[in-house]
*Asks:* 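Pasting a structure here, questions to come.
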There are 2 protein chains.
Amino acid sequence: MGLVERKIREKEELKDSILKAAKKLFLERGFEKTSIRNIADEIEYSPGIIYHYFKDKNEIFHALHTEGFQEMGKRMGILSAIVDPMSRLRAMGKIYIEFGLENQDMYDLMFIIEAPIDHVETRDDLCWSEGDSSFNQLRLTVKECMQKGHFQGHRLEALSFMIWSTVHGMVSLKIRKRVNILEVSEVENIVENSYQSFLMVLDKL
Amino acid sequence: MGLVERKIREKEELKDSILKAAKKLFLERGFEKTSIRNIADEIEYSPGIIYHYFKDKNEIFHALHTEGFQEMGKRMGILSAIVDPMSRLRAMGKIYIEFGLENQDMYDLMFIIEAPIDHVETRDDLCWSEGDSSFNQLRLTVKECMQKGHFQGHRLEALSFMIWSTVHGMVSLKIRKRVNILEVSEVENIVENSYQSFLMVLDKL
DNA sequence: TTGGAAAATTAAACACTGTTCAATTATATT
DNA sequence: AATATAATTGAACAGTGTTTAATTTTCCAA
């Protein structure tokens, strides 16, 4: 009769509006300063209602972190057009860093803040699927590079993690404000410049 | 007359006991779950007293983060015995990683948590001296390597930051629980193995 | 030894936080 | 229209960092 469906859709709409409000406030004020009451105020409902749509605050921010992966995934889309795995690997790192610097709070949520990963741990399946498929993209590209003769003597898993660590290290030191110790003239573009150093390193492998 | 001195010492003792209690609770339960009231309970004083010794919670954890740098500095002490800068650089990374993995909460405070760095920003001098002198140790070693002909074509500041980023990335991904996506057989020793990959990379430069 | 100034310490309050749950309101079905 | 079901609320609980007025303790000069 369509009525039930409309109800379900309306329920989904409220869930969506909670997520939208949470995202808005999170991007404005950060994780710690976005409270359940703030979110409730934003959607003009009472705080209690939120717990009928989400188990707890962690679940809300897990949902947001998933949105972050979707956005990053979109950006990574162009990679499929790059046939040469080494070029693809370079582009992948560039996109990763650009995404991180342009969406610092989302990056924080995806790779630094504990809330989303704590939520994953409290579930039955307990697998971080978003991280898993992202890392797998990297792993596969590195594998292709190795099949073409690059990175000789390296082990796939360890090298892939090292590459991820390097770009994550750059972005997270920046996000968590540990880069002000660098020479003032370098601070501004340190991540980009440092990634250039990294690319030079990759070339020699 | 010595009395004034004793008073000063007693004041310092209370300040120290606050720090000791804060450290104990922090290492037991983490940053978020260590409250001013918890610390006050631990030292058997009322919560208010803490604000006569520290401006706010950030200042307490800035003091703790400084202790972390002292401990790491101690470990780095043996580096002065290593004459060859490349060997010294390798050892530096190893010590950094070992320190991070063996003192995850302290590492968190030093390089991930915002509290200590937020406190630095609210002061007049606003320089992160602990980070500065640590990074300078790295910078000087990399410089020596370059003077010996290594890392040709690289820029000192960018390369030093890249090296720091790589080890920081490894440790921080581990601490913030983003490594469970790796092959199960690799998770355990991924940081160490990945650092081995990094050393192989350094060798080729 | 005592009086009063100075310092140390406390208790209470403020405005928050995440979360739970009984009570209420709104909706849907018979 | 009455009832069953679902949606929503408001109040409460136990906690948070921080401030401030009031209290206690300590110190020193008379």
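Per chain, numbering begins at 1; letters A, B, ... match sequence-line order.
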*Asks:* Could you tell me how far apart B:Lys55 (NZ) and D:dT18 (C1') are, to the nearest whole angstrom?
*Replies:* 11 Å
*Asks:* Please determine whether a side-chain nitrogen or oxygen atom of A:Asn38 lies at a distance below 4.0 Å from atom OP1 or OP2 of C:dT17.
*Replies:* yes
*Asks:* Checking contacts here: which listed nucleotide (C:dT10, D:dT18, C:dT20) is nearest the side-chain heavy atoms of B:Ser46?
*Replies:* C:dT10
*Asks:* Answer yes or no: is there a side-chain heavy-atom contact under 4.5 Å between A:Ile112 and A:His168?
*Replies:* yes
*Asks:* Measure the distance from CD on A:Glu44 to C1' on D:dG10 and round it to the nearest whole Å.
*Replies:* 17 Å
*Asks:* Using heavy atoms and a sub-4.0 Å distance, could you list which residues of residues 28-37 of chain B are near DNA chain D? By number, please.
*Replies:* B:Thr34, B:Ser35, B:Ile36, B:Arg37
*Asks:* May I ask you to decide if the ring planes of B:His119 and B:His62 are parallel, tilted or perpendicular, using 30° and 60° as cut-offs?
*Replies:* tilted
*Asks:* From CD1 of B:Ile39 over to C1' of D:dT16, roughly how many Å is that when rounded to an integer?
*Replies:* 12 Å
*Asks:* Ion pair present between A:Asp108 and B:Arg176, side-chain N to carboxylate O less than 4.0 angstrom?
*Replies:* no
*Asks:* Once you measure the plane-to-plane angle for A:Phe69 and A:His65, does it fall in the parallel (<30°), tilted (30-60°) or perpendicular (>60°) bin?
*Replies:* perpendicular
*Asks:* I want to check one thing: is the phosphate of D:dT24, taken as OP1 and OP2, less than 4.0 Å away from some side-chain N or O of B:Tyr45?
*Replies:* no
*Asks:* Starting at CD1 of B:Ile49 and ending at P of C:dA12, how long is that distance when rounded to a whole Å?
*Replies:* 17 Å
*Asks:* Using the ring centroid of each side chain, check whether B:Phe54 and B:Phe61 are separated by less than 6.0 Å.
*Replies:* no
*Asks:* State which of D:dT18, C:dT19, C:dT9 makes the closest approach to the side chain of B:Leu14.
*Replies:* C:dT9
*Asks:* Take the protein atom OH of B:Tyr51 and the nucleotide atom P of C:dT9, then report the distance between them rounded to whole Å.
*Replies:* 17 Å
*Asks:* Identify whether NZ of Lys or CZ of Arg in A:Lys94 sits under 6.0 Å from the centre of the six-membered ring of A:Tyr195 and within 45° of that ring's axis.
*Replies:* no
